[in-house]
There are 2 protein chains.
Amino acid sequence: MANRKDVAKLAGVSEATVSRVFNNIGPLRQETKQKVLQAAQHLNYHPNAIAQSFARGKSNNIGVIVPYFQKVNLMSTHYFSELLSGIGAKLSELGYGLLLLYQSPDESKDYVKLFHTQKVDGCIILGSKDVPGEVEALDKLHQLQLPYCLVNQTFSGYPFHSISADHLDGSLQAVSSLIMQGYKKIIFLNGPTEFSNSIDRLKGYETAMIKAGIPYNPKFVFQGNYSLKSGYLAARGIASLLPEINAIFAGNDRMAIGLMQGLSEQGYQASRDYALIGYDDSEISSITSPPLSTVHVPLFDMGQLAAEKVLQLISQGTMTVIKEQLPVTFIERASSQLRTPYTKQS
Amino acid sequence: MANRKDVAKLAGVSEATVSRVFNNIGPLRQETKQKVLQAAQHLNYHPNAIAQSFARGKSNNIGVIVPYFQKVNLMSTHYFSELLSGIGAKLSELGYGLLLLYQSPDESKDYVKLFHTQKVDGCIILGSKDVPGEVEALDKLHQLQLPYCLVNQTFSGYPFHSISADHLDGSLQAVSSLIMQGYKKIIFLNGPTEFSNSIDRLKGYETAMIKAGIPYNPKFVFQGNYSLKSGYLAARGIASLLPEINAIFAGNDRMAIGLMQGLSEQGYQASRDYALIGYDDSEISSITSPPLSTVHVPLFDMGQLAAEKVLQLISQGTMTVIKEQLPVTFIERASSQLRTPYTKQS
DNA sequence: TGAGAGAATGAACGCGTGTACATTTTATGT
DNA sequence: ACATAAAATGTACACGCGTTCATTCTCTCA
């Protein structure tokens, strides 16, 4: 493997000059540049990335932390895929590498160590939860002013850098659309409350109800874990309420679809017997029967933005706290428009 | 940031000894080890990963190359997610990092450069296609005996390292199951033939037909691009044949589901009017109505195996060509079992 | 108690690059 | 032609670690 010394010798210049050519630094005679480039090409020389990282004291990699579940593989959702693509697109555009880090639930979270070992210059944390240990780990990151960014998760009381979407508004729009159709009793199938976005959706649900003068009834709030199966399982409990109520809002599309299936096995069909709205606008939502009303979340853009912000933190050193919320869009499809409304309303 | 020198000074030993402690090398007095570890802890010392890579001459990272499409984001399929998870699980188990590399279609493929720059010690290539330039790039990798592994793609005439699944058998099983039910005219909605696994499936389809003494009819073979939409669009052409035929085999679940939706808009329902089989056993296949018959592919295992093999190539230097094929399993669900069979058969 | 062997530790260098500083070359104006 | 500044290039070292080889220490046995 050819190195700088070889190129310098072949081109008849010093190593520093080779370095200058490859980094476009300082005044250089055009003729010298050509000599060096030719020599480099002849030797098939490429600067050694590790040595560069070493000399520069930075890895040029961004770590992306993804939760890893052995059974319920969240990666199979379009959620992480979209975020990852957004992040990857922006990073490679700006010459950074993407180090994918699966976080096993058992091992202790030590984000700071990633920086100590210089494996990454910054990190983006996906799917973090409000569980013991997490806040402390993040706080340490923040206190040390290390470049990081959370995605779709906030922690009340802690001014962590984060990119999220306006899930309160999303739920509000979704639930309001049901209310406007005349529904007063609306079931909400929420995700785990360790995710702040679950809490945001709950707030949106409550807000919509209160706005409409409908009292908040905790009996109508169910909880799943965002998996297809949990939606399917929730069908049992929800079915018993269906004669009374016929509007459901689910925290994501997967639960909504699982629920749809579970309810159909009990004889209830979406858009015929009850109105249903999902969340995320995953690809599949548009082709269920009936097509699923949902809320579009700009995941790709969020990923891009998070990457951008982390790189800004890296280049600008410190910075005011990042806290951006991207807008979401309610998408009305057939599932939330009951063909025979009011028939079972109280 | 503390370094080895600081630890050595505080512990009152030489730098070499610190190194020995952290690498568990050579005979060490227990007492010395403790001193060093305490000093390290006190200074919050962690060996610098970049410097280690530099000194050892290897990055300790494996590059995973993933195709990147701006519009049709393949990452949103469970296909890449499962593979990635498998790879990630195995790599982190063995102490390697996963560098995710999105391959833009425009830029020239130069896998070798990744090694020249020392960014990775090996690479795993997902979703490569048989297009001009690809074979040459791979051949160069192979000639230079660099550690790499293809997943789910082979190139006839080239003994590239690869891990795949037995898609010929998968299709054979699927199509045979239709034949055994009495269907003689079976439509095959294939994916792009630049993927060797598409070709394998076609062979499986043909083999099953020939085995049953049914002549191969190219009129019954359609082509999509593995996207939901392409399945949906294929519905038009296929619908015109449905009065005559009523069994369809699709190259993946997404196309099958798109097709199902498209055909339902024309009044045809799976399992009532036609039998349908998909491929991949993606999560969604089990909850469509009717549940989709499909072929399970052990993607997670394939990812793990590919990672294992690349690491073997790294540690053992050269090696005989890797060419493993994992078995697949046909999963029969309602969609392929016509409720009123033979009614429209010729 | 002293020699010898083996255990334990230290000293020194290389890995390939970035870069501050020193030096040489070239251009400019007289 | 010469002084001067600016442009172009060279020299030398640092970065943090792995590792080889040399050195010191410790223990055993006579």
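Remember, predicted model here, so these are calculated numbers, not experimental data.
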Trainee: Tell me yes or no: between the side chains of B:Tyr96 and B:Asp121, is some donor less than 3.5 Å from an acceptor?
Mentor: no
Trainee: I need the minimum non-hydrogen distance between B:Tyr45 and B:Ala2, along with the two atoms involved.
Mentor: CD1-O, 3.5 Å
Trainee: Rounded to whole Å, please give me the gap between CZ in A:Phe54 and C1' in D:dG18.
Mentor: 11 Å
Trainee: For the atom pair OH (A:Tyr102) and CD (B:Glu93), what is the distance rounded to the nearest 0.5 Å?
Mentor: 14.0 Å
Trainee: Quickly work out the B:Asn24 CG to C:dT9 P distance and round it to whole Å.
Mentor: 14 Å
Trainee: How many whole angstroms separate atom CZ of B:Arg4 from atom P of C:dT9?
Mentor: 16 Å
Trainee: Between A:Lys58 (NZ) and C:dT17 (C1'), how many Å, whole number?
Mentor: 15 Å
Trainee: Under 3.5 Å between N/O atoms: give me all the protein pairs with nucleotides 23-27 of chain C, atom names plus distance.
Mentor:
none

Trainee: Using a 4.0 Å heavy-atom cut-off, does A:Tyr45 contact any base of the nucleic acid, only the sugar-phosphate backbone, or nothing at all?
Mentor: sugar-phosphate
Trainee: Ignoring the backbone of A:Thr32, work out which of D:dG18, C:dG16, D:dA8 is nearest its side chain.
Mentor: D:dA8
Trainee: Anything under 30° is parallel, anything over 60° is perpendicular, the rest tilted; go ahead and classify B:His161 against B:His142.
Mentor: tilted
Trainee: Whole angstroms only, please: what is the CG-P distance between B:Leu28 and D:dT26?
Mentor: 15 Å
Trainee: Nearest to the side chain of B:Ile25, heavy atoms from C-beta on, is which of D:dC17, D:dT19, D:dG10?
Mentor: D:dT19
Trainee: Could you check whether A:Ser53 gets within reach of a base, just the sugar-phosphate, or nothing at all, counting any heavy atom under 4.0 Å?
Mentor: nothing
Trainee: Do B:Ile125 and B:Leu141 have side-chain heavy atoms sitting under 4.5 Å apart?
Mentor: yes
Trainee: Need one value for B:Ser19: base, sugar-phosphate or nothing, where a base atom within 4.0 Å counts as base even if backbone is also close, heavy atoms only.
Mentor: base
Trainee: Heavy atoms from C-beta onward define the side chain here; which of D:dG10, D:dG18, D:dC17 lies closest to that of B:Arg56?
Mentor: D:dG18
Trainee: Decide whether B:Ser196 and B:Gln153 meet the rule of one side-chain donor and one side-chain acceptor closer than 3.5 Å.
Mentor: yes
Trainee: For C:dT17, take OP1 and OP2 only and decide whether either is under 4.0 Å from a side-chain N or O of A:Asn48.
Mentor: no
Trainee: Rounded to the nearest angstrom, tell me the gap between atom NZ in A:Lys33 and atom P in D:dA8.
Mentor: 12 Å
Trainee: Taking all non-hydrogen atoms of both residues into account, name the closest pair between B:Thr154 and B:Ser162 and its distance.
Mentor: CG2-OG, 3.7 Å
Trainee: Please determine, for the side chain of B:Arg20, which listed nucleotide (D:dC17, D:dA8, C:dT9) has the closest atom?
Mentor: C:dT9
Trainee: From the options C:dG18, C:dA11, D:dG18, select the nucleotide whose nearest atom is closest to the side chain of B:Ala16.
Mentor: C:dA11
Trainee: Taking CD from B:Gln52 and P from D:dC17, how many angstroms apart are they, rounded to a whole number?
Mentor: 7 Å
Trainee: Whole angstroms only, please: what is the CD-P distance between B:Gln34 and C:dT9?
Mentor: 12 Å
Trainee: Once you round to the nearest 0.5 Å, how far does CD1 of A:Ile62 lie from CD1 of A:Ile124?
Mentor: 6.5 Å
Trainee: Base, sugar-phosphate alone, or nothing: which one does A:Ile50 contact when heavy atoms must sit under 4.0 Å apart?
Mentor: nothing
